[in-house]
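Each remark here refers to the structure printed beneath this line.
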2 protein chains.
Amino acid sequence: MKVTELAKSLGTTADTVRYYTRLELLKPAKSVNGYKSYSNKEVSRLKFILSARNLGFSVADIKQILNESEDGKSACPLVRSLIKERLEETEKQFQAMLALRGKMSSALSQWEEMEDKAPTANMVCHLIENFEQIKKA
Amino acid sequence: MKVTELAKSLGTTADTVRYYTRLELLKPAKSVNGYKSYSNKEVSRLKFILSARNLGFSVADIKQILNESEDGKSACPLVRSLIKERLEETEKQFQAMLALRGKMSSALSQWEEMEDKAPTANMVCHLIENFEQIKKA
DNA sequence: TTAGACCTGTGTCTAAGACACAGGTCAAGC
DNA sequence: GCTTGACCTGTGTCTTAGACACAGGTCTAA
């Protein structure tokens with residue numbers, strides 16, 4: 001299987017497959033012509049990687065998990081501990097995005113009723129510089 | 001004013017100031033000793049940059065805005081149009097994070113009751129590979 | 001004058017691929 | 001057999017917004 005075949009068969013891009021290959025998450029054989037040749041084992045490996053990515057694991061996490069399982073050990077404890085970490089991060093980012101979204105949408109609606117002003121020596125844009133979010137009561 | 005003085009006075013890091021300087025958002029004079037010397041104008045410029053970053057503008061956005069205002073034009077129309085774009089992106093990312101958070105927390109609670117399994121030839125980790133989110137009713 | 005503490009600019013690194021590009025492959029047509 | 005063109009390949013570079021490493025400069029106290 002060539003890189004694009006593999007990618008399409010699992011609904012991803014050739015660049016993504018190449019990326020994982022570069023990091024040695026996938027270890028294709030070399031064809032005579034220098035092209036990389038992916039076996040069925042790589043297919044299921046890639047399937048695993050994509051599932052894990054979809055669940056929020058980083059590529060580095062996945063590398064760890066694969067290493068563990070290649071040693072014959074159960075990766076389950078590692079997997080549980082990693083997802084706990086990632087979930088905490090996701091929660092933080094989520095809260096940050098929530099706040100940002102509120103700020104932005106508040107700014108947008110305020111600004112639509114405000115007039116344009118030319119810049120002055122100490123003011124680039126009054127919309128931004130005078131913005132203060134109305135705190136939730 | 002030296003880079004760290006400026007940074008601390010506005011609650012940011014020297015690296016951030018250096019970054020903006022590299023991109024020529026700030027244009028300090030050169031001291032005799034080669035150190036960068038920031039004037040009061042740079043202070044208010046940096047203040048503006050930090051406000052805009054805080055509202056979700058990218059550094060490239062801010063560069064555009066500053067350029068516009070340096071030409072004496074009002075940056076307000078640009079600012080409104082940029083924040084509309086950024087808000088849409090933020091909304092998308094927010095929804096993605098919301099979904100991801102749900103998936104992850106669902107996975108975590110499922111997995112806590114599941115046993116460890118050793119890897120097999122076609123299974124790296126059954127937790128991940130057998131995970132299916134229970135769709136919201 | 002010298003020691004040490006602190007500060008500086010420059011260069012490199014990060015995540016997870018996307019993109020550019022020079023060259024190779026392969027089937028169709030002659 | 002040869003050639004054309006379409007498509008594919010691997011490698012290298014680029015992206016964000018800074019953080020970090022580091023060699024060397026500055027500055028204060030002794």
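Just the heavy atoms: all of them, side chains too, but no hydrogens, waters or symmetry mates, feed the values below. Numbered from 1 within each chain, the chains take letters A, B, ... in sequence-line order.
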Side-chain N or O of Lys36(A) closer than 4.0 Å to phosphate OP1/OP2 of dT11(D): yes

Donor-acceptor under 3.5 Å (Glu5(B) side chain, Lys2(B) main chain): yes

Between dG9(C) (P) and Lys30(B) (NZ): distance, integer Å: 11 Å

Atom pair OG1/OH of Thr4(A) and Tyr35(A) - distance to nearest 0.5 Å: 9.5 Å

Asn122(A) side chain to Thr120(A) side chain, donor-acceptor N/O pair below 3.5 angstrom: yes

Under 3.5 Å: donor-acceptor pair, side chain of Glu42(A), backbone of Ser39(A): no

Sequence-distant partners of Glu91(A), salt bridge (Lys or Arg N to Asp or Glu O under 4.0 Å), two or more places apart: Arg101(B)

Derivation of the salt bridge (charged side-chain N to carboxylate O under 4.0 Å, His left out) call for Arg80(B) and Asp116(A): CA-CA 10 Å; Arg80(B) 285 195 203 88; Asp116(A) 293 0; 2.9 Å; yes

Residues in contact with DNA chain C, drawn from residues 39-51 of chain B - heavy-atom cutoff 4.0 Å: none

Identify all pairs in which a protein N or O lies below 3.5 Å from an N or O of nucleotides 18-23 of chain C, and state each distance.
unit_1  : atom_1 : unit_2   : atom_2 : d
dA18(C) : OP2    : Thr13(A) : OG1    : 3.0
dC19(C) : N4     : Asp15(A) : OD1    : 3.1

All side-chain hydrogen bond (donor to acceptor under 3.5 Å, both in side chains) counterparts of Glu70(A), not counting sequence neighbours: Arg45(A)

Expected output: side-chain Ser74(A) to main-chain Cys76(A) donor-acceptor under 3.5 Å: yes

Spacing of Leu25(A) atom CG relative to dG17(C) atom C1', expressed in whole Å: 13 Å

Test item: His126(A) side-chain N/O and Glu115(A) main-chain N/O as donor-acceptor pair under 3.5 Å: yes

Residues within residues 56-69 of chain B bordering DNA chain D, heavy-atom distance below 4.0 Å: Ser58(B), Val59(B)

Short side-chain N/O contact from Tyr20(A) to OP1 or OP2 of dG17(C), under 4.0 Å: yes

Whole angstrom value for the distance that separates P of dG10(D) from OH of Tyr19(A): 17 Å

Going by atom type alone, with no hydrogens or angles, which donor-acceptor pairs under 3.5 Å involve a side-chain atom of residues 21-28 of chain B and a protein atom two or more places apart or on another chain?
unit_1   : atom_1 : unit_2   : atom_2 : d
Thr21(B) : OG1    : Val17(B) : O      : 2.7
Thr21(B) : OG1    : Tyr38(B) : OH     : 2.8

Please write out each protein N/O paired with an N/O of nucleotides 1-3 of chain C under 3.5 Å, distance rounded to 0.1 Å.
none

Net bend of the helix from dT1(C)-dA30(D) to dC30(C)-dG1(D), end axes of five pairs each, nearest 10 degrees: 40°

Enclosure of Asn40(B) CG (heavy-atom neighbours >12, cutoff 6.0 Å): no

Any pair counted as side chain to side chain donor-acceptor pair (under 3.5 Å), so long as it reaches residues 48-57 of chain B, sequence neighbours left out: Lys103(A)-Asn54(B)

Integer-rounded Å distance: dT10(C) P and Asn33(B) CG: 12 Å

Parallel, tilted or perpendicular, as decided by the 30° and 60° cut-offs, for the rings of Phe131(A) and Trp111(A): perpendicular

OG1 on Thr16(A) to CG on Leu50(A), rounded to 0.5 Å: 8.0 Å

Protein-nucleotides 1-4 of chain D N/O pairs closer than 3.5 Å?
none

Least distance between heavy atoms, Gly72(B) atom then Ala118(A) atom: O-CB, 4.4 Å

Pairs meeting criterion ring pair (Phe, Tyr, Trp, His ring centres under 6.0 Å) with involvement of residues 82-104 of chain A, two or more places apart: Phe94(A)-Phe94(B)

Main-chain N/O of Met97(A) paired to Gln93(B) side chain as donor or acceptor, under 3.5 Å: no

Salt bridge (charged side-chain N to carboxylate O under 4.0 Å, His left out) contacts in which one or both residues fall within residues 59-68 of chain A, not counting sequence neighbours: Asp61(A)-Arg86(A)

Separation of atom CD in Glu89(A) from atom P in dT14(C), rounded to whole Å: 17 Å

Separation of dC8(D) C1' from Lys8(A) NZ (nearest whole Å): 10 Å

Spacing of Met104(A) atom CE and Ile83(B) atom CD1 [to the nearest 0.5 Å]: 4.5 Å

Gap between atoms CG and C1', on Leu26(A) and dA16(C) respectively (whole Å): 14 Å

Spacing of Glu5(B) atom CD relative to dT26(D) atom P, expressed in whole Å: 16 Å

